[in-house]
Amino acid sequence: MARNFPLERYRNIGIIAHIDAGKTTTTERILFYTGKTYRLGNVDEGNTVTDWMVQERERGITIVSAAVTAEWKGYQINVIDTPGHIDFTAEVQRSLRVLDGGVVVFDSVQGVEPQSETVWRQADRYNVPRICFANKMDRIGASFERTVESIRQRLGANPIPMQLPIGSESNFKGVVDLLTMKAIYYEDELGKQETYAEIPAELKAAAEEARAFMVEKIAELDDDLTVKFLEGEELTIEELKAGLRKGVIENRATAVFTGSSLKNKGVQQVLDAVIDYLPSPLDIAAVKGTNAAGEEISRPAEDDAPMSALVFKIVTDPYVGRLSYFRVYSGKITTGTAVYNSVKGKKERIGRLIRMYADRREDIQEVLAGDIAAVLGLKESFTGDTLCDAADPITLESISFPEPVISVAIEPKTTVDQEKMGEALQKLAEEDPTYIVMTDNDTGQTIIKGMGELHLDILVDRLLREFRVQANIGKPRVAYHETITKPVQKYSYKYAKQSGGHGQYGHVVFQLDPGETGSGIVFEDKITGGAIPREYIPAVEKGVKEAVESGVLGGYPVTDVKIQLVDGSFHEVDSSEMAFKMAAILGFKEAMQKGAPVLLEPIMKVEVVVPEEFFGDVLGQLSSRRGIIQSTEVRPGNAQAVRCHVPMAEMFGYATDLRSSTQGRGVFTMEFDHYAPVSESVAEKVLK
């Protein structure tokens, strides 16, 4: 099948931002201007294309990332609209893993907000080039200069303003394009007609100054341009565009645009910028992975290269079954062919290939290098798995997700619900890697873990509506961890049992050390001279992995401990894998007791924005919840922002408290930051 567009005319982009910055509204405008829709959807009215779930429309927020494909000026743009709420951060993570570029949307009143920082860091991690869009210029308190400054200060970025707003708040009329030095107005209601005119006299001087700054910043990105600039030569528009494109793709600069998506102003310039400055699949480095021998290999973005693709999202569709979204990095995937899942070591058959349009779909026969699509009917492939050519296998880097920090017990109301619940929970866990289902060994209860109260709320709501499962939900509980605070030198444990005939004998000597925060469990085999035969080492490691699932204080998982197996002994007849596994489990538990174990709790990074008059009350509230204030800052519109660290356990019900103490005018956002030891008095309460 021939391509509709050459590969250099493909753009895979994500719309990323803090909650409520206008991502979905911007995506709606992109679909409208590219001719994909014929009416403008509105988040408040619940009729947008990308927020198609009932829960999204009711709450007016994006919950799952939605993929849509549009065309603009001879280019194909695959757009993923991502959620802004921190509870759904995994959706952003997996989208960024497969995208080539991002449009980061900022609220021009608030500037950089906490979740803007989080998505920016995620994009840094995956090296995703970005352009910025300062949205909501029509709102009271909007300031383009302040937004650009906050991008520079809080994100450590190199923003280059490409436009100046003409007016602001209710007087926002259009923008000045600093490249062409023309004013662009949007006269009609839908903003389809752009009118080019001379720059208003009162903005002339500011525009000249802004253009000089822009030219200087772009010239710094390219050696040839720097020389021309220093020699006083005029740089052409083509040279400036090429220099900026190079800087953006190398992640050394971000072009900043402005407008108001809701008022239909400025989105077309963002679309032009996606084409001008964001990379095509050919502009980014060839994807790297490992072959069967564990050696690093790369795959070029070419249709005739061996096939490699990454599954980045699973959706359970009530009508058609399980949909797997994937990005093809090299080669092509065709309907009816077999592909190899190199992570699971299994072959899969490609049934129906689908071009997704949010929740609507169109059947296609083939997906070529650089494109994003979905496939129906894969049985073994899940998020993070690599699909490739069986004759030339490759395993691409998977996607890592944050750990859940909150859990609730869930039980079905009737026996009929019991059967349905297990299946439904399984399907939801396949879709969302930050949602974990487990059984509490002590109580036999089913426990679901997630990223926050809203995350679990949505999951329970989906159980009820999509899967028709009635269930009772327990109170939310915090995901505590345990660790040690001092090293344990050479702790010896002998497991020996005689029961007539063969006995059981396993002897291990462990050294335990407190690990770095976030290092998890590290097991090292330091056995020399055959003190324990090689074939028993995996059994010891297995025993340790089992033992760390429940600690010695309250049965919480153990983390941040380095365990070294330094010595031991064996018996010619009585030693077995089982004996060494038991020695490892019991030996680790005893050794941990000697390491001054402590309880760790998740600490959340919280930002609260409140009107000035409630500032004192809010500080008092946060202190009473064991909050540690990090910083405060004045925000536009007589508001104050407080940044602080608060234990997760203290944040339950905070939304209600904040609303009642600020007459409903305070807002807060929180995200997981780190685990920290719990004070003795709090630990006593928890362990009771």
Side-chain angles (χ1 to χ4, degrees), residues 6-14 72-75 77 99-104 106 120 123-124 126-134 144-145 147-149 151-153 155-165 175-184 196 199 206-259 266 268-286 301 370:
L7 192 52
E8 62 271 16
R9 287 179 169 260
Y10 274 75
R11 298 288 183 271
N12 293 314
I13 64 158
W72 180 252
K73 297 186 178 174
Y75 285 75
I77 305 177
L99 293 170
D100 301 329
V103 177
V104 190
F106 296 96
W120 194 271
D124 278 345
Y126 289 120
N127 249 338
V128 176
R130 284 142 271 179
I131 58 174
C132 302
F133 179 51
F144 181 58
E145 292 75 20
T147 301
V148 173
E149 194 48 39
I151 294 170
R152 183 176 289 111
Q153 297 279 338
L155 302 176
N158 177 19
I160 302 179
M162 302 302 290
Q163 298 174 333
L164 276 186
V175 295
V176 173
D177 180 352
L178 297 177
L179 272 177
T180 59
M181 288 303 272
K182 288 275 184 229
I184 305 172
Y196 288 80
I199 299 170
E208 295 285 356
E209 193 182 324
R211 189 177 202 277
F213 175 79
M214 175 196 79
V215 171
E216 186 181 341
K217 295 296 274 182
I218 294 175
E220 287 171 7
L221 300 171
D222 183 279
D223 293 345
D224 295 342
L225 294 184
T226 307
V227 173
K228 276 189 86 169
F229 178 74
L230 292 174
E231 287 172 354
E233 285 187 51
E234 185 73 30
L235 299 179
T236 66
I237 289 177
E238 279 63 39
E239 285 174 327
L240 289 169
K241 277 188 171 182
L244 181 56
R245 178 180 176 80
K246 182 170 177 255
V248 169
I249 290 172
E250 289 170 358
N251 266 320
R252 292 190 297 125
T254 40
V256 188
F257 298 83
T258 187
Q268 290 101 320
Q269 269 68 45
V270 174
L271 276 168
D272 289 342
V274 164
I275 286 165
D276 290 339
Y277 308 119
L278 289 181
S280 76
L282 292 174
D283 294 316
I284 53 171

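Being a predicted model, the structure only gives us computed values, none of them experimental. Residues: numbered from 1 along the sequence shown.
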Would you say the side chain of Tyr75 lies within less than 4.5 Å of the side chain of Ser280, judging by non-hydrogen atoms?
no
Compare every heavy atom of Ile218 with every heavy atom of Gly243, then report the nearest pair and how far apart it is.
C-CG2, 4.1 Å
Considering non-hydrogen atoms only, spot the tightest contact between Met214 and Leu179 and give its length.
CE-CD2, 3.9 Å
Any side-chain heavy atom of Thr254 sitting closer than 4.5 Å to one from Trp120?
yes
Polar side-chain atom of Asp100 near backbone of Leu278 as donor-acceptor pair, under 3.5 Å
no
Rounded to the nearest 0.5 Å, what separates atom CD1 in Ile77 from atom CH2 in Trp72?
8.5 Å
Hey, does Lys73 have a side-chain heavy atom less than 4.5 Å from the side chain of Asp272?
yes
Set out, in order, the CA-CA distance, both residues' side-chain angles and the distance that settles side-chain contact (heavy atoms from CB on, under 4.5 Å) for Met162 and Leu244, then state yes or no.
CA-CA 10 Å; Met162 302 302 290; Leu244 181 56; 3.5 Å; yes
Does Arg152 come within less than 4.0 Å of Glu149, counting only side-chain N to carboxylate O?
yes
Enclosure of Glu209 CD (heavy-atom neighbours >12, cutoff 6.0 Å)
no
What closest approach, in Å, do Asn251 and Val128 show between heavy atoms, and which atom pair accounts for it?
OD1-O, 3.4 Å
Could you pull out the closest heavy-atom pair between Ala207 and Val176, with the gap in Å?
CB-CG1, 4.2 Å
If I take atom CD1 from residue Ile199 and atom CD from residue Glu208, how far apart are they, to the nearest 0.5 angstrom?
7.0 Å
So, taking the atom named NZ in Lys246 and the one named CG in Leu225, what distance separates them when rounded to the nearest 0.5 Å?
8.5 Å
State the CD-CG distance between Glu220 and Asp222, to the nearest 0.5 angstrom.
12.0 Å
What is the minimum heavy-atom distance between Lys228 and Glu239, and which atoms define it?
NZ-OE2, 2.8 Å
Assess, by modelled atom type and distance only, whether the side chains of Asp223 and Thr226 contain a donor and an acceptor separated by less than 3.5 Å.
no
So do Thr147 and Thr258 actually touch side chain to side chain, heavy atoms under 4.5 Å?
no
Are Arg211 and Leu240 side-chain neighbours, meaning at least one heavy-atom pair lies under 4.5 Å?
yes
All heavy atoms of Ala301 vs all of Pro281, minimum pair found to be CB-O, 4.0 Å
Heavy-atom side-chain proximity of Val104 to Ile151 below 4.5 angstrom
no
Look at the side chain of Arg11 and the backbone N and O of Ile275, then say whether any donor-acceptor pair between them is shorter than 3.5 Å.
yes
First locate atom CG of Asp224, then atom CZ of Phe229, and finally report the distance between them rounded to the nearest 0.5 Å.
15.0 Å
Any donor and acceptor pair, going by atom type alone, linking the side chain of Arg252 with main-chain N or O of Ile249 inside 3.5 Å?
no
Any Gln269 side-chain heavy atom under 4.5 Å of Asp177 side chain
no
Please round to the nearest 0.5 Å and tell me the distance separating atom CD of Gln163 and atom CD1 of Ile184.
6.5 Å
Hey, are the side chains of Arg245 and Asp276 touching, using non-hydrogen atoms and a 4.5 Å cut-off?
no
Under 3.5 Å: donor-acceptor pair, side chain of Arg130, backbone of Gly102:
no
